[in-house]
Amino acid sequence: MLPPSSSGTSSSGTAAQKTRETADALEADRPTTATRPTAPTGPSAVTRPTTATRSTTSPATPTSTAAAPTAPTAPAPTEPRGAEARTAPWGTDPYANALRKGRGPLFLRRSDGWLLPLEVERWCSDAGAADLSALHRCEGPVLDIGCGPGRLVAELIALGHRALGIDVSEAAVARTRRIGGSALLRSVFDPLPGEGRWGTVLLVDGNIGIGGDPAALLDRATDLLSTGGLLIAETSPLDIDERVQVRLDDGLRAPAEKAAPGPADRPFPWARIGTPALLRYAGACGWRPADQWSAEGRAFVSLRRPRPRFVRERSERTSSQSAESANSAPVMSSQLDR
């Protein structure tokens, strides 16, 4: 924990004030002053879709030469949100404990028992060479979806970008603020500051899997980005297209040994997709490929936001099909070998 400031303000209060100051700077389109954080930075923890009930302020234009998005006054890290945000699996003890310790074990467990290790130690370290290969491609103000403990947000600020992280984990948001970043306790599917104004949206560290529906997540990113904005996504190095139900698992106890199921034991939809699958989804949504690269064994893709005409057509199709899709069961597929 950081010591209180000389004025007697607590570290959590100082962090919340910093987020508010960043929001004011975004609204006024003036750069924020930031120094490179000295504490470890954190992961891109993921978010779970929730029902949007909170209003937001109106954004300004977030490009390197235009006004940046308006961010609302940030809540304190422990401010209650909706019931879904408070009980989402990523806000529960296994994930929060891993962030506090800065290490795992932590896994995503499929219903068939297969475990996907989560790289908590890397997430809680400084941004590495692979991270920087993505961050150096960012344009304008950057929104980090599922920012986790904030290593990318803090690094972006150190690089001179205006950046905001969102996460459903209070522990992740608190740590992001503590190391000098700005973050809000939000799901990507909540109303967000600066919608339609962000220069770059980040979906790294597996966050392309949020919600278990890559096409829906791409649609949401379209809403967030400005015209011509950039989406940078990390994909699986495998050629897979997997959509399944998973739950968080700390590997300490078998499911049968747990006295009573908690929020962390509730399954939630997740996806893992490789670059070919992402490009298929993106092409169907009108996204334009910008770049593909790999670094330190990790694969990345950058995409340009669909043109306005395609976005309008997509919106019309979505409206006309909403009643039918509401009554349709989701299709879950898996091409992943165990």
Side-chain angles (χ1 to χ4, degrees), residues 12 15-16 18-19 22-23 26 32 34 36-37 39-50 62 69 71-72 74-77 79 81 85 88-91 95-96 98-100 102 106 118-128 130-132 134-135 138 141-159 161-190 192-195 198-211 217 220-221 224-225 231-234 300:
S12 61
K18 177 174 174 36
T19 302
T22 300
L26 288 172
T32 57
R36 186 179 184 86
T41 59
S44 6
V46 292
T47 61
R48 180 169 181 197
T50 60
E79 178 188 2
R81 308 267 315 163
W90 293 103
Y95 183 62
L99 294 190
R100 281 192 289 268
L106 192 65
L118 301 179
E119 300 180 79
V120 178
E121 291 88 347
R122 178 173 64 80
W123 295 348
C124 291
S125 299
D126 291 332
D131 298 321
L132 293 174
L135 301 187
C138 291
V142 183
L143 179 66
D144 184 8
I145 296 173
C147 66
R151 82 181 187 282
L152 301 183
V153 176
E155 184 67 29
L156 283 163
I157 292 174
L159 291 172
H161 284 274
R162 286 162 294 182
L164 177 69
I166 58 169
D167 205 291
V168 296
S169 165
E170 291 184 354
V173 170
R175 179 162 174 162
T176 299
R177 295 174 177 177
R178 191 165 64 246
I179 64 173
S182 297
L184 296 175
L185 188 66
R186 302 285 175 91
S187 162
V188 63
F189 296 100
D190 284 338
L192 295 174
E195 295 201 12
W198 292 97
T200 303
V201 163
L202 292 178
L203 284 168
V204 301
D205 292 336
N207 286 338
I208 191 65
I210 291 171
L217 190 56
R220 181 60 177 137
L224 298 171
L225 283 167
L231 170 67
I232 297 178
E234 182 177 355
F300 298 88

Heavy-atom closest pair, residues Ala96 and Ala171: CB-CB, 3.9 Å
Chi angles and distances behind the side chain to side chain contact (heavy atoms under 4.5 Å, CB included) call for Val201, Arg220: CA-CA 11 Å; Val201 163; Arg220 181 60 177 137; over 6 Å; no
Point-to-point distance, once rounded to the nearest 0.5 Å, from CG of Leu156 to OG1 of Thr200: 8.5 Å
Nearest heavy atoms of Ile157 and Gly180, plus distance in Å: CD1-O, 3.7 Å
Separation of Asn207 CG from Leu217 CG (nearest 0.5 Å): 8.5 Å
Donor-acceptor contact present, side-chain Thr176 to main-chain Gly150, <3.5 Å: yes
Minimal non-hydrogen separation, Cys124 against Leu99, with atom names: SG-CD2, 4.2 Å
Non-hydrogen atoms of His161 and Val142 that approach each other most closely: ND1-CG2, 4.0 Å
For the student: nearest non-hydrogen atoms of Arg151 and Asp131, plus distance: NH2-OD1, 2.8 Å
Nearest atoms (heavy-atom pairs only) where Pro193 meets Trp198: O-NE1, 2.9 Å
Rounded distance (nearest 0.5 Å) linking atom CG of Leu118 with atom CG of Leu106: 4.5 Å
Leu164 side chain reached by Val153 side chain, heavy atoms, under 4.5 Å: no
Test: Asp167 and Arg175 ion pair at under 4.0 Å: no
Spatial distance of atom CG (Leu143) from atom CD1 (Ile166) [nearest 0.5 Å]: 5.0 Å
Residue pair Cys138 / Leu202, side-chain heavy-atom distance below 4.5 Å: yes
Student check: side-chain heavy atoms of Leu203 and Val188 closer than 4.5 Å: no
Pairwise side-chain contact, Glu155 with Asp144, heavy-atom cut-off 4.5 Å (strictly under): no
